[in-house]
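Notes follow once the structure below has been shown.
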Amino acid sequence: MVYPVFPGETNHYGTLFGGTAMAWMDQAAFVAASRHARRKVVTVHADAVDFRHPVPQGSIVELVARVVGVGRTSLRVEVEMWVEPLEAEREPYLAARGGFVLVALDEKGRPAPVPPLEG
């Protein structure tokens, strides 16, 4: 997932709000878990999100989410937030990393089995 960082998503320092970063990371975890489970999924836990570097307004942010573990009905997803500065001389950098646990649901909203990780 890729997002531009617009002024409405930044604080008075001109950097991305932490809550917005976490929401984007949760969305990326949702997409990864949904693709793996092929079912509805809901977030049940968010690990500590480590904010390593600020994300300045005007940057482009890429979220990379990977399913790294599965239980019977749950999926563990790790998400990285990479910043692509618009200045040509600056390299992309890791701004944040966090883990999320999501649970797959059946048609009645009950936990449902997920396929194993291949690999």
Side-chain angles (χ1 to χ4, degrees):
M1 298 176 73
V2 177
Y3 294 96
V5 180
F6 290 123
E9 288 127 0
T10 61
N11 58 30
H12 58 290
Y13 298 114
T15 59
L16 183 66
F17 280 117
T20 301
M22 290 171 45
W24 290 353
M25 293 172 79
D26 186 30
Q27 288 176 14
F30 168 83
V31 170
S34 296
R35 283 178 163 170
H36 181 85
R38 292 293 179 204
R39 294 182 171 274
K40 289 185 200 179
V41 296
V42 293
T43 303
V44 296
H45 179 77
D47 290 343
V49 174
D50 295 321
F51 295 99
R52 297 171 174 220
H53 299 283
V55 179
Q57 176 183 312
S59 298
I60 296 170
V61 171
E62 180 178 7
L63 294 136
V64 179
R66 294 177 200 86
V67 176
V68 295
V70 296
R72 193 178 73 75
T73 62
S74 63
L75 305 100
R76 177 159 178 67
V77 181
E78 288 185 359
V79 182
E80 295 178 340
M81 176 179 282
W82 288 85
V83 176
E84 180 182 335
L86 294 181
E87 301 86 13
E89 67 278 359
R90 295 199 54 205
E91 294 291 318
Y93 60 89
L94 180 63
R97 176 182 281 146
F100 296 81
V101 177
L102 297 94
V103 170
L105 302 176
D106 66 15
E107 307 76 34
K108 295 182 180 178
R110 296 181 303 220
V114 296
L117 274 181
E118 294 182 18

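- Within the structure, the side-chain hydrogen bond (donor to acceptor under 3.5 Å, both in side chains) test picks out no pair touching residues 59-74 (sequence neighbours left out).
- Side-chain heavy-atom separations under 4.5 angstrom define the hydrophobic clusters, and the remaining members of the one that includes Leu86 are Val2, Ile60.
- Shown here for Pro85 and Pro92, the closest heavy-atom pair between the two residues is CD-CA, 4.0 Å.
- The number of heavy atoms from other shown groups lying within 6.0 Å of CD (Glu91) does not exceed 12.
- A 4.5 Å side-chain heavy-atom check between Phe30 and Thr43 finds every atom pair outside the cut-off.
- Residues passing the side chain to side chain contact (heavy atoms under 4.5 Å, CB included) test with Arg76 are Asp47, Val68, Val101, sequence neighbours excluded.
- Residue pairs that meet the salt bridge (Lys or Arg N to Asp or Glu O under 4.0 Å) test with at least one member in residues 23-43, sequence neighbours left out, do not exist here.
- Contact between Ala29 and Ala65 at its shortest, heavy atoms only, is N-CB, 4.2 Å.
- A heavy-atom distance below 4.5 Å is found between the side chains of Met25 and Phe100.
- Gly71 and Val114 get closest at one heavy-atom pair: O-CG2, 3.5 Å.
- The two residues Pro115 and His36 have their closest heavy-atom pair at O-NE2, 2.8 Å.
- Val103 and Leu75 end up in different hydrophobic clusters when Ile, Leu, Val, Met, Phe, Trp and Tyr side chains are linked at under 4.5 Å.
- Judged as a salt bridge (Lys or Arg N to Asp or Glu O under 4.0 Å), and not counting sequence neighbours, the contacts of Asp106 are Arg110.
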Considering only distance and modelled atom types, tabulate donor-acceptor pairs under 3.5 Å from the side chains of residues 14-22, sequence neighbours left out.
residue: Thr15; atom: OG1; partner: Asn11; partner atom: OD1; Å: 3.2
residue: Thr15; atom: OG1; partner: Asn11; partner atom: ND2; Å: 3.2

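- In the hydrophobic clustering of ILVMFWY residues, with side-chain heavy atoms under 4.5 Å counting as a link, Leu105 and Val31 come out apart.
- For Met1 against Ala28, the heavy-atom pair with the smallest separation is SD-CA, 3.4 Å.
- Across Val77 and Ala33, no two heavy atoms sit closer than the pair CG2-CB, 4.2 Å.
- Note on Leu117: it clusters hydrophobically with Val79, by side-chain heavy-atom contacts below 4.5 Å among ILVMFWY residues.
- Pairs passing the ring pair (Phe, Tyr, Trp, His ring centres under 6.0 Å) check and including a residue from residues 43-94, sequence neighbours excluded, read His53-Tyr93.
- Gln27 pairs by the side chain to side chain donor-acceptor pair (under 3.5 Å) definition with Tyr3, not counting sequence neighbours.
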